[in-house]
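Here the structure comes first, spelled out in structure tokens, and everything after it is commentary.
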Amino acid sequence: MTWEEAAALPLAGLTAYRALLYQGQAKAGDQVLVTGIGGGVAQFAAQYAVALGAKLSVSSSRSAKLEKARSLGAEHGFNYLESNWVDQALAATGGFDVIIDGAAGDPLNNLIHVCKPGGRIVFYGATMGLPGKLEARKVYWNQLKIMGSTMGSDQDFLDMIAFVMKHAIRPEIDRVFGFGDAVQAFDRMKAGDQMGKIVLTP
Ligand SMILES: NC(=O)c1ccc[n+]([C@@H]2O[C@H](COP(=O)([O-])OP(=O)(O)OC[C@H]3O[C@@H](n4cnc5c(N)ncnc54)[C@H](OP(=O)(O)O)[C@@H]3O)[C@@H](O)[C@H]2O)c1
């Protein structure tokens with residue numbers, strides 16, 4: 001890895017690892033949905049899912065990011081701003097065994113709708129805030145598990161490094177900025193233009 005790639009890996013790579021493998025228990029053949037593929041954690045969750053042999057779908061607000069995700073191995077991409085994306089996802093995949101999400105908010109209820117009976121929804125962030133309601137009936141009727149995940153243990157970190165090396169996973173770098181341009185870097189993140197990690201260098 002370049003220094004920039006190595007700088008992009010630790011926190012996002014660890015968070016994605018624990019969410020997908022420890023909490024989500026994802027395995028080969030599973031239908032996996034990673035939401036908001038432009039995000040730093042999401043790109044690792046997506047690459048790990050492909051490395052496991054799972055069938056990867058992603059969501060995003062931008063078609064260019066969905067297109068780019070295909071080069072990471074995504075079979076399907078859905079624009080979560082389209083009102084019928086839930087129907088599109090169910091028609092294309094039949095539903096998901098594991099869903100990895102960093103947005104939460106009311107869209108969490110869409111994830112409950114696209115989760116297979118017995119499936120697992122793991123969220124590691126709440127970019128969209130707290131949900132105002134929860135489709136509780138769908139959760140219990142379909143025996144869903146909704147779990148939280150944060151970073152990981154020292155053992156998770158060692159396991160993540162071994163997994164990344166074994167599968168030759170390369171962090172997706174969106175753009176590298178010098179410290180002097182840090183404000184532009186934050187503006188890019190605020191506008192949601194990034195696909196992968198933004199790195200600052202001295
Ligand atoms: N628990 C932990 O250990 C941990 C670790 C790292 C980060 N986090 C949290 O996780 C969240 C994401 O952080 P990050 O650094 O990975 O991402 P990020 O680079 O800040 O990007 C956030 C992404 O959220 C996506 N998004 C926005 N609205 C969405 C929605 N309604 N549904 C699905 N996706 C949506 C966007 O994806 P598109 O651009 O593709 O539309 C955007 O790229 C933040 O809340 C952060 O605080 C938690």
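As the structure lists them, so they are numbered: ligands from 1, and atoms in each ligand from 1.
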Open item on the list: Check this for me - ligand 1, Lys197, N or O atoms closer than 3.5 angstrom, yes or no?
Closed with: no
Task: Glu67, CD atom: more than 12 neighbouring heavy atoms under 6.0 Å - done: no
- [ ] Could you tell me whether atom 9 (C) of ligand 1 has at least one protein heavy atom nearer than 4.0 Å?
- [x] yes
Task: Residue and atom name of the nearest protein heavy atom (relative to atom 39 (O) of ligand 1), distance in Å to one decimal - done: Lys65 NZ, 2.7 Å
Open item on the list: Can you report which non-hydrogen protein atom sits closest to atom 38 (P) of ligand 1, along with the distance?
Closed with: Ser60 OG, 3.5 Å
Open item on the list: Strictly inside 4.0 angstrom of atom 13 (O) of ligand 1, do you find any protein heavy atom?
Closed with: no
Open item on the list: Polar contacts were defined as any N/O atom of the residue lying under 3.5 Å from an N/O atom of the ligand; does this apply to Arg62 and ligand 1?
Closed with: no
Task: Protein heavy-atom partner closest to atom 4 (C) of ligand 1 - residue, atom, separation in Å - done: Tyr124 O, 3.6 Å
Open item on the list: Any nitrogen or oxygen of Tyr80, side chain or backbone, less than 3.5 Å from one on ligand 1?
Closed with: yes
TODO: Identify, for atom 34 (N) of ligand 1, the protein heavy atom at the shortest distance, and state residue, atom and that distance.
DONE: Gly36 CA, 3.3 Å
Task: Sub-4.0 Å atoms of ligand 1 with respect to non-hydrogen atoms of Ser149 - done: 1 (N)
Open item on the list: For atom 5 (C) of ligand 1, what is the closest protein heavy atom, and at what distance to 0.1 Å?
Closed with: Thr15 OG1, 3.3 Å
Open item on the list: If you count every heavy atom of other residues, nucleotides or ligands that lies below 6.0 Å from Leu130 atom CG, does the total exceed 12?
Closed with: no
TODO: Please answer whether the main-chain N or O of Gly95 pairs with a side-chain N or O of Gln31 as donor and acceptor at a distance below 3.5 Å.
DONE: no
TODO: Check whether any protein heavy atom sits under 4.0 Å from atom 47 (O) of ligand 1.
DONE: no
TODO: Quick one: look up the protein heavy atom nearest atom 6 (C) of ligand 1 and list residue, atom name and how far away it is.
DONE: Val41 CG2, 3.6 Å
Task: Beyond-backbone contact of His113 with Glu135, side-chain heavy atoms, under 4.5 angstrom - done: yes
Open item on the list: Can you confirm whether or not the ring centre of Tyr48 sits under 6.0 Å from the ring centre of Phe163?
Closed with: yes
Open item on the list: If we ignore hydrogens and angles and just use 3.5 Å, is the side chain of Arg120 paired with the main-chain N or O of Ile99 as donor and acceptor?
Closed with: no
Open item on the list: Quick check for you: to the nearest 0.5 Å, what is the distance between Tyr80 atom OH and Met128 atom CE?
Closed with: 7.5 Å
Open item on the list: Show the atoms of ligand 1 that are less than 4.0 angstrom away from any heavy atom in Ile37.
Closed with: 40 (O)
Task: Interatomic distance, Phe157 atom CZ to Leu14 atom CG [nearest 0.5 angstrom] - done: 6.5 Å
Task: Protein residue, atom and distance nearest to atom 23 (C) of ligand 1, heavy-atom basis - done: Gly39 CA, 4.0 Å
- [ ] Distance to 0.1 Å, residue and atom name: give those for the protein heavy atom nearest to atom 32 (N) of ligand 1.
- [x] Ala103 CB, 3.6 Å
Open item on the list: Does this structure show an ion pair linking Arg170 with Glu5, if we count only N-O contacts that are shorter than 4.0 Å?
Closed with: yes
Open item on the list: Does ligand 1 come near enough to Pro107 that some N or O of the ligand is less than 3.5 Å from an N or O of the residue?
Closed with: no
- [ ] Check each of Gln194, Met195, Met128 against atom 20 (O) of ligand 1 and report the one with the nearest heavy atom.
- [x] Gln194
- [ ] Consider every N or O of Gly40 and every N or O of ligand 1, then say whether any pair is closer than 3.5 Å.
- [x] yes
Task: Electrostatic pair Asp193-Arg175, nearest N-O below 4.0 angstrom - done: no
Task: Distance, nearest 0.5 Å, that separates CG of Asp101 from CG of Leu108 - done: 6.5 Å
Open item on the list: At less than 4.0 angstrom from any non-hydrogen atom of Ala126, what atoms of ligand 1 do you find?
Closed with: 45 (O)
Open item on the list: Restricting to non-hydrogen atoms, name the atom on Ala19 and the atom on Ile100 that form the minimum distance, rounded to 0.1 Å.
Closed with: O-CD1, 3.7 Å
